[in-house]
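Here's the structure, in structure tokens; my notes come after.
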Amino acid sequence: MRLDQITRANPVMPVVVVNDAQEGVDVGRALVAGGINTAEVTFRTPAAPSAIEAMKNIDGLVVGAGTVLNAHQAERAIESGAQYVVSPGFSADVVRVCQDAGVPALPGCTDGSLIMAALEMGLDVVKFFPANILGGVSAIKAYSAVFPGLRFVPTGGVSPSSLPEYLQMPQIAACGGSWMVRRELVEARDWATITSLSAEAVRIAKENGR
């Protein structure tokens with residue numbers, strides 16, 4: 001599946017941290033119930049590969065891997081079934097692993113040099129993280145002026161209140177966020193609230209033309 005297909009179907013892409021595979025399955029089902037059909041499972045915990053492997057069997061869910069820092073993690077994520085790979089920064093090695101496997105890569109690019117490196121590898125969508133600290137909408141508008149055709153996935157500090165401003169920009173492919181899958185909700189097994197927050201995010205996206 002191409003990255004543009006994933007972002008068009010999911011203008012809000014949840015960033016998920018889980019401690020075991022069952023947590024991942026429960027979170028994935030709650031997201032799908034709320035109308036979100038993707039989850040970026042971060043490699044911040046050792047459970048990420050097993051969670052991805054379990055979640056890929058959820059009907060209607062496209063599972064990606066996040067916080068992928070090196071080629072080894074990228075290989076492990078893809079072996080586990082990740083359908084896209086997200087990194088907080090730019091790594092040519094990670095991008096190459098993904099391209100060799102036919103899996104979309106979404107590296108973090110926060111300055112002109114990193115963006116140019118991504119473009120040289122044929123990428124046309126990059127992650128912008130942490131968006132809230134690095135200028136948010138204003139920064140993305142500035143980069144878009146000199147890199148026409150490039151699209152961004154801002155992540156970091158995105159919330160229901162800031163979501164509309166981002167999604168109204170044609171340069172935004174999607175927004176990453178974790179507010180609908182906060183750790184306290186997962187730990188409390190509050191799947192109903194995760195579903196409700198997911199449905200709210202979908203509603204906001206639709207109201208803003210997505």
Side-chain angles (χ1 to χ4, degrees), residues 1-109 118 121-123 125-127 129 153 155-156 173-183 185-187 189 191 194-195 198 201:
M1 182 175 287
R2 299 194 314 270
L3 186 59
D4 65 327
Q5 293 175 303
I6 298 169
T7 57
R8 276 201 305 268
N10 295 281
V12 179
M13 302 176 71
V15 179
V16 179
V17 180
V18 295
N19 287 327
D20 58 58
Q22 187 58 53
E23 269 190 0
V25 170
D26 291 335
V27 169
R29 288 173 176 163
L31 291 171
V32 171
I36 291 179
N37 297 301
T38 192
E40 174 194 326
V41 180
T42 77
F43 265 64
R44 298 178 200 172
T45 70
S50 60
I52 290 169
E53 192 164 359
M55 293 168 71
K56 70 182 181 184
N57 297 314
I58 298 173
D59 189 37
L61 186 69
V62 175
V63 186
T67 322
V68 174
L69 305 180
N70 53 56
H72 173 72
Q73 287 185 336
E75 291 167 353
R76 185 73 181 92
I78 293 167
E79 288 170 359
S80 299
Q83 292 175 270
Y84 59 93
V85 172
V86 185
S87 299
F90 178 81
S91 164
D93 289 340
V94 169
V95 173
R96 288 191 193 96
V97 167
C98 293
Q99 291 178 333
D100 288 347
V103 172
L106 182 61
C109 296
M121 297 196 74
L123 304 181
V125 182
V126 298
K127 178 177 179 174
F129 170 83
V153 178
T155 307
C175 288
S178 58
W179 72 88
M180 75 290 291
V181 286
R182 299 189 307 273
R183 269 309 300 171
L185 296 176
V186 177
E187 290 172 357
R189 303 183 64 78
W191 315 127
I194 291 175
T195 294
S198 299

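Note that these values count all heavy atoms, side chains included, but never hydrogens, waters or copies made by symmetry.
For the residue pair P14 and V181, the shortest heavy atom distance occurs at CB-CG2, 4.3 Å. In plain terms, the two heavy atoms of P88 and K127 that are nearest each other are CA-NZ, 4.5 Å. For P49 against P46, the heavy-atom pair with the smallest separation is CD-O, 3.4 Å. Looking at every heavy atom in both residues, L31 comes nearest to S198 through CD2-OG, 3.3 Å. Of all the heavy atoms in A74 and V68, the pair that sits closest is N-CG1, 3.5 Å. Summarising the geometry of A51 relative to V18, their closest heavy-atom pair is CB-CG2, 3.6 Å, with the distance given to 0.1 Å.
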Donor-acceptor contacts, no H, no angles, side chain residues 90-106, under 3.5 Å, sequence neighbours left out:
from : atom 1 : to   : atom 2 : distance (Å)
S91  : OG     : D93  : N      : 3.4
S91  : OG     : V94  : N      : 3.2
D93  : OD1    : R96  : NH1    : 3.1
Q99  : NE2    : M121 : O      : 2.7

Show every donor-acceptor pair shorter than 3.5 Å between a side-chain atom in residues 52-63 and any protein atom, with sequence neighbours excluded, or say none if there are none.
none

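The distance from atom CD1 of I194 to atom CZ of R182, rounded to the nearest 0.5 Å, is 9.0 Å. If you take CD on Q83 and CD on Q5, they are separated by 10.5 Å, rounding to the nearest 0.5 Å.
Not counting sequence neighbours, E75 has no partner by the salt bridge (charged side-chain N to carboxylate O under 4.0 Å, His left out) test. N37 is linked by a side-chain hydrogen bond (donor to acceptor under 3.5 Å, both in side chains) to nothing, counting only residues two or more places apart in sequence or in another chain. With sequence neighbours left out, S80 forms a side-chain hydrogen bond (donor to acceptor under 3.5 Å, both in side chains) with R76. Taking the side-chain hydrogen bond (donor to acceptor under 3.5 Å, both in side chains) definition, one finds that Q73 meets it with nothing, sequence neighbours left out.
Under the 3.5 Å distance criterion, the side-chain polar atoms of E23 are matched with a main-chain donor or acceptor of N19.
By the 4.5 Å heavy-atom criterion applied to side chains, T42 and V86 are not counted as neighbours. Side chains of V27 and V186 form a contact here, defined as non-hydrogen atoms less than 4.5 Å apart. Counting heavy atoms from C-beta outward, Y84 and E40 have side chains that approach closer than 4.5 Å. Taking 4.5 Å as the limit, some side-chain heavy atom of V15 sits within range of a side-chain heavy atom of R44.
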**Q.** Derivation of the side chain to side chain contact (heavy atoms under 4.5 Å, CB included) call for V12 and W179
**A.** CA-CA 11 Å; V12 179; W179 72 88; 3.9 Å; yes
